[in-house]
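I have placed the structure first, in the form of structure tokens, so that the comments after it can refer back to it.
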Amino acid sequence: MGLSTNFSFADYTNTFVNVEAKNTLLSTLNVFSDRQTSMSPKVSLDIIDEVAQKVASSVNRYGSEWSAIPKRSASNHLIEAPLYAYQDRITAADVQPYRKPGSNLQMSVMDAVTASALAMHDKYMRTKEKIFADALFRNTVEATYTQQPIISWEDEFGYQQATGTIKTNVSSGDPLRSLDDAVTAAKVRMGGLAGQLDGFILFAGSNVYRGIKYHPDIRQNVQFGVLDRDVLFNKEVLPAFSTFIIENVRVVEVTDQALYGIGPDESFLVPRFSKPLSSEIALPFGYVATATSRNLDLAFADPVDFRIWSVQDKFKNVELFAESSILPVVYRPDFVTKLTNDAV
């Protein structure tokens with residue numbers, strides 16, 4: 001990282017391309033794995049209208065018939081992506097009174113700029129988690145300063161989020177059957193897209209998580225080797241999250257209601273997909289990184305998830321700016337199942 005000179009800007013964007021943020025659940029698990037870009041803040045989206053499995057029929061060996069490859073039909077939707085902007089100013093007051101952590105040396109200007117830039121990136125990652133969670137679990141995107149202040153993917157695409165219950169009652173509940181029923185129903189709704197399925201994640205509130213993990217049937221099945229012992233001996237995916245696996249469903253305890261909006265007795269069953277090599281059509285969950293707009297020179301640069309740069313004023317104070325314009329898209333809200341805890 002370096003400082004700008006002669007009123008030009010110093011672009012730090014590439015420095016943050018591979019910077020990981022700790023305990024960002026949805027980003028780390030790569031639920032929105034399908035990343036697209038747009039040079040315009042207005043994004044043109046195509047929704048998949050046909051997802052049936054393609055199966056060829058046999059033909060006459062010496063005839064002229066051929067099996068055609070059906071084309072998926074789509075409808076177009078024009079959506080404006082929201083913009084998130086961050087700013088900080090580094091002056092002598094942020095440098096002179098302080099020393100480097102763990103050192104007797106005075107803090108340098110670059111130390112202060114680096115600390116501020118990292119703080120901006122952390123705020124961006126937490127904001128990204130929040131908008132991903134709102135899109136995935138509630139099918140909405142807050143876009144106050146656009147033509148659609150609240151974007152509803154259920155209204156936009158015409159699919160409603162599936163619902164159900166997960167029975168964790170100790171005496172009569174069967175959480176395994178509840179999960180299996182929800183998984184089967186989701187696969188039926190997927191049609192041909194089930195071929196790109198990588199598994200399921202259950203984002204569970206605390207009561208749901210404990211109700212499944214410590215249910216007598218779960219412990220019994222582990223004892224007799226029916227389930228993976230990972231159920232009792234957790235392999236942590238993220239330090240702040242408890243997790244275990246039931247067959248092909250990874251159950252993750254989510255406790256931050258302010259960020260993820262999942263109550264103690266709520267859970268969301270979410271499929272994960274991988275993109276086929278033969279198709280350029282978007283997967284059911286993805287996001288679009290669009291153009292940033294506050295700096296004219298950077299407004300026409302290649303879109304990135306997070307752009308950060310600095311300028312110096314006439315007194316050599318450093319002004320630090322960051323922008324992010326990403327639009328999480330849930331093409332098929334019905335692929336996500338909200339499961340409410342039934343512990344009675």
Practice task
Looking only at non-hydrogen atoms, find the nearest pair between N248 and G199 and report the distance.
Solution key: ND2-CA, 3.3 Å
Practice task
Report the relative orientation of the aromatic rings in F241 and Y260; use parallel for angles under 30°, tilted for 30 to 60°, perpendicular for over 60°.
Solution key: perpendicular
Exercise for the section: Measure the spacing between CD1 of I326 and OG1 of T292 and express it to the nearest 0.5 Å. Expected result: 12.5 Å
Exercise for the section: Could you tell me the separation between the OG1 atom of T28 and the CG atom of N23, rounded to the nearest 0.5 Å? Expected result: 8.0 Å
Exercise for the section: Would you kindly confirm whether V109 and L118 end up in one hydrophobic cluster when ILVMFWY residues are joined by side chain heavy atoms under 4.5 Å apart? Expected result: yes
Handout entry: Y145 and E80 side chains, donor-acceptor separation under 3.5 Å
Key = no
Problem - Path from I79 to I150 over hydrophobic side-chain contacts below 4.5 Å - result: no
Exercise for the section: Indicate the atoms forming the closest heavy-atom contact of A133 with L26, along with that distance. Expected result: N-CD1, 3.5 Å
Practice task
Verify whether the ring centers belonging to Y209 and F244 lie closer than 6.0 Å.
Solution key: yes
Problem - Single-linkage hydrophobic cluster, 4.5 Å side-chain cutoff, L136 and L339 together - result: yes
Exercise for the section: Could you pull out the closest heavy-atom pair between S40 and T290, with the gap in Å? Expected result: O-CB, 3.7 Å
Exercise for the section: For the pair D11 and R307, find out whether any cationic side-chain nitrogen is under 4.0 Å from an anionic carboxylate oxygen. Expected result: yes
Practice task
Could you list the residues that satisfy side-chain contact (heavy atoms from CB on, under 4.5 Å) with N30, not counting sequence neighbours?
Solution key: S33, R272
Exercise for the section: Show your reasoning for whether side chain to side chain contact (heavy atoms under 4.5 Å, CB included) applies to D34 and V329. Expected result: CA-CA 10 Å; D34 191 358; V329 184; over 6 Å; no
Fill in the blank from the handout: In terms of heavy-atom contacts, G164 and T337 come closest through N-CG2, 4.4 Å
Problem - Side-chain donor-acceptor contact under 3.5 Å, E319 with N317 - result: no
Problem - Shared hydrophobic cluster for Y287 and L83 (ILVMFWY, side-chain gaps under 4.5 Å) - result: no
Problem - Residue pair Q87 / M120: nearest heavy atoms and the distance that separates them - result: C-CE, 3.3 Å
Practice task
For the pair F273 and F335, name the ring-plane relationship: parallel under 30°, tilted 30 to 60°, perpendicular over 60°.
Solution key: tilted
Exercise for the section: First locate atom CD1 of I151, then atom OG1 of T146, and finally report the distance between them rounded to the nearest 0.5 Å. Expected result: 5.5 Å
Practice task
Looking only at non-hydrogen atoms, find the nearest pair between V318 and V113 and report the distance.
Solution key: CG1-CG2, 3.9 Å
Practice task
Taking salt bridge (Lys or Arg N to Asp or Glu O under 4.0 Å) as the test, write out the residues that go with D181, two or more places apart.
Solution key: R177
Handout entry: H121: side-chain contact (heavy atoms from CB on, under 4.5 Å) partners, not counting sequence neighbours
Key = F16, V19, Y124, M125, F306
Exercise for the section: Using the test salt bridge (Lys or Arg N to Asp or Glu O under 4.0 Å), find all partners of D305 that sit at least two apart in sequence or belong to another chain. Expected result: R35, K128
Problem - Spatial distance of atom CZ (F157) from atom CG (L45) [nearest 0.5 Å] - result: 5.0 Å
Completion exercise
With sequence neighbours left out, the residues meeting salt bridge (Lys or Arg N to Asp or Glu O under 4.0 Å) with D134 are K130, R138
Handout entry: From CG (N341) to OG1 (T168), nearest 0.5 Å
Key = 3.5 Å
Exercise for the section: Would you please say whether a donor-acceptor pair under 3.5 Å links the side chains of T114 and D111? Expected result: no
Handout entry: Shared-cluster residues of F300, by chain and number - hydrophobic side chains joined below 4.5 Å
Key = L296
Handout entry: In one Ile/Leu/Val/Met/Phe/Trp/Tyr side-chain cluster, 4.5 Å: V304, L327
Key = no
